[in-house]
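Below is one structure, written out as structure tokens; comments come after it.
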Amino acid sequence: MTVEVRRATAADAWRLAASEPPGAAVAASHLRRQEAGEVLFLVALEDGEPLGSGVLVPGDVPELRHLFVAEAARGRGIGASLIGAAEREVAAMGATLIELGVGVDNPRAAALYRRLGYAETGERSTTTYEYVDRDGVRRTATETDVHMRKRLRG
């Protein structure tokens with residue numbers, strides 16, 4: 001099967017939302033931000049079904065955030081496909097750098113990013129945020145991310 005990565009549509013957001021906890025509205029929020037011109041909301045699809053997504057935030061150094069791959073699709077190159085698409089979008093913007101953050105408790109993702117040419121910048125950030133768990137309960141979490149950056153070929 002071939003995986004297609006493209007900018008998300010309303011239909012894609014609806015399909016992604018179907019797997020979210022009740023009341024989470026993550027995909028809808030990303031789509032609203034894309035429609036407002038604030039971000040690019042990328043989705044990876046196989047046979048029309050979303051397997052993952054990511055949000056590219058433009059700027060002097062564009063940042064890839066909220067990279068997600070469905071658990072059943074992990075290890076199949078979906079994350080690398082999403083990152084590759086984000087890098088192509090960044091190059092089309094005329095930027096030469098891209099940045100992302102990875103949780104200190106996510107060594108598997110950090111290893112993928114290193115394989116794809118990302119290096120730690122030495123920066124870390126700690127964020128406290130609210131989310132909706134699988135039971136629809138609103139909770140608070142604190143996460144520390146390591147910042148990673150890649151120089152794109154010009």
Side-chain angles (χ1 to χ4, degrees), residues 2-9 12-13 15-17 19-21 24-46 49-133 139-154:
T2 302
V3 174
E4 173 192 15
V5 179
R6 59 176 166 77
R7 292 182 189 194
T9 66
D12 299 329
R15 285 187 196 93
L16 283 163
S19 64
E20 293 178 3
V26 174
S29 173
H30 294 333
L31 184 65
R32 275 194 303 277
R33 292 189 67 209
Q34 178 173 265
E35 290 170 344
E38 299 170 8
V39 302
L40 297 178
F41 180 23
L42 301 172
V43 63
L45 303 149
E46 184 177 70
E49 288 304 312
L51 300 177
S53 61
V55 175
L56 183 62
V57 182
D60 291 338
V61 178
E63 184 179 1
L64 182 58
R65 297 182 183 169
H66 308 290
L67 187 63
F68 166 77
V69 176
E71 196 167 330
R74 292 180 186 163
R76 296 181 38 207
I78 307 303
S81 293
L82 282 160
I83 293 167
E87 290 173 358
R88 288 187 294 279
E89 291 283 357
V90 167
M93 293 173 190
T96 58
L97 296 170
I98 182 172
E99 192 167 288
L100 50 77
V102 60
V104 294
D105 60 347
N106 195 350
R108 186 174 178 188
L112 168 65
Y113 304 151
R114 279 192 290 278
R115 274 196 315 275
L116 295 175
Y118 288 78
E120 292 184 21
T121 65
E123 292 180 59
R124 289 180 179 229
S125 61
T126 300
T127 307
T128 299
Y129 59 93
E130 285 190 358
Y131 71 99
V132 178
D133 71 12
R139 300 201 182 272
T140 302
T142 299
E143 180 177 291
T144 298
D145 287 341
V146 173
H147 294 250
M148 300 181 83
R149 184 177 280 186
K150 180 179 179 178
R151 180 167 300 282
L152 303 175
R153 294 170 204 215

query: Considering all heavy atoms of both residues, which atom of Ile78 and which atom of Ala44 are nearest to each other, and what is their separation?
result: CG2-CB, 3.7 Å

For the student: nearest non-hydrogen atoms of Leu16 and Ser53, plus distance: CD1-CB, 4.1 Å

field: Test applied, side-chain contact (heavy atoms from CB on, under 4.5 Å); reference residue, Val57; option that passes from Val39, Leu40, Leu64
entry: Val39

field: With sequence neighbours excluded, residues passing side chain to side chain donor-acceptor pair (under 3.5 Å) with Glu4
entry: Arg6

- request: Under the salt bridge (Lys or Arg N to Asp or Glu O under 4.0 Å) rule, collect the residues that match up with Glu130, sequence neighbours excluded.
  value: Arg138

task: Could you check Leu45 against Val3 for side-chain contact (heavy atoms from CB on, under 4.5 Å), going step by step and ending with a plain yes or no?
output: CA-CA 6 Å; Leu45 303 149; Val3 174; over 6 Å; no

- prompt: Are the side chains of Leu100 and Leu67 in touch, meaning some heavy atoms are under 4.5 Å apart?
  reply: no

message: Enumerate the salt bridge (charged side-chain N to carboxylate O under 4.0 Å, His left out) contacts for residues 103-112, please, sequence neighbours excluded, ordered by first and then second residue.
response: none

message: On a heavy-atom basis, which atom in Val5 and which in Ala85 lie closest, and how many Å separate them?
response: CG1-CB, 3.3 Å

- prompt: Is the closest side-chain heavy-atom distance between Val69 and Leu51 below 4.5 Å?
  reply: no

- line: Sequence neighbours excluded, the answer for side chain to side chain donor-acceptor pair (under 3.5 Å) partners of Glu49 is none

- line: The side chain to side chain contact (heavy atoms under 4.5 Å, CB included) partners of Glu99 (sequence neighbours excluded) come to Val61, Thr121, His147, Arg149

task: Can you measure from OG1 (Thr126) to CG (Asp145) and round to the nearest 0.5 angstrom?
output: 8.0 Å

- request: May I ask you to test the Glu123-Val146 pair for a side-chain heavy-atom distance under 4.5 Å?
  value: no

task: With sequence neighbours left out, write down each residue that passes salt bridge (Lys or Arg N to Asp or Glu O under 4.0 Å) with Arg139, or none if nothing qualifies.
output: Asp133

message: Please evaluate residues Gln34 and Val55 with respect to the criterion side-chain contact (heavy atoms from CB on, under 4.5 Å), reporting the C-alpha separation (whole Å), side-chain torsions for both, the decisive distance (0.1 Å), and the verdict.
response: CA-CA 9 Å; Gln34 178 173 265; Val55 175; over 6 Å; no

field: Worked verdict on Arg114 versus Met148 for side-chain contact (heavy atoms from CB on, under 4.5 Å)
entry: CA-CA 9 Å; Arg114 279 192 290 278; Met148 300 181 83; 3.7 Å; yes

- prompt: Donor-acceptor pair, Arg33 side chain versus Ser29 backbone, under 3.5 Å?
  reply: no

task: Compare all side-chain heavy atoms of Leu97 with those of Leu152 and state whether any distance is below 4.5 angstrom.
output: no

- prompt: What pair of heavy atoms forms the shortest contact from Leu31 to Ala13, and how long is it?
  reply: CD2-CB, 3.9 Å

message: Using 0.5 Å steps for rounding, measure from the CD atom of Glu71 to the CZ atom of Arg74.
response: 5.0 Å

- request: Report the residues that fulfil side chain to side chain donor-acceptor pair (under 3.5 Å) with Asn106, sequence neighbours left out, ordered by chain and then residue number.
  value: none

- prompt: Among all residues two or more places apart in sequence or in another chain, which pass the side chain to side chain contact (heavy atoms under 4.5 Å, CB included) test with Ala92?
  reply: none

field: Residues in side chain to side chain donor-acceptor pair (under 3.5 Å) contact with Glu120, at least two apart in sequence or another chain
entry: none

Atom pair CG (Leu56) and CD (Glu87), whose distance is rounded to the nearest 0.5 Å: 10.0 Å

- request: Taking the side chain as every heavy atom from C-beta outward, state whether Arg7 and Phe41 have any atom pair closer than 4.5 Å.
  value: no

field: Pairwise side-chain contact, Leu112 with Ile83, heavy-atom cut-off 4.5 Å (strictly under)
entry: yes

message: What's the separation between atom CE in Met93 and atom CD in Glu89, rounded to the nearest 0.5 Å?
response: 6.0 Å

- prompt: Can you name the residues that form a salt bridge (Lys or Arg N to Asp or Glu O under 4.0 Å) with Arg65, not counting sequence neighbours?
  reply: Glu63

query: Of all residues at least two apart in sequence or in a different chain, which pass the side chain to side chain contact (heavy atoms under 4.5 Å, CB included) check with Ala119?
result: none

message: Could you check whether any side-chain N or O of Glu20 sits under 3.5 Å from a backbone N or O of Ala25, counting only pairs where one atom can act as donor and the other as acceptor?
response: yes

- prompt: Mind checking whether Thr144 and Ser125 have side chains closer than 4.5 Å, heavy atoms only?
  reply: no

- request: Can you tell me which residue pairs pass the ring-ring contact (aromatic ring centres under 6.0 Å, His included) test with a partner in residues 60-114, sequence neighbours excluded?
  value: His30-His66

query: Does any non-hydrogen side-chain atom of Glu46 lie less than 4.5 Å from one of Thr2?
result: no

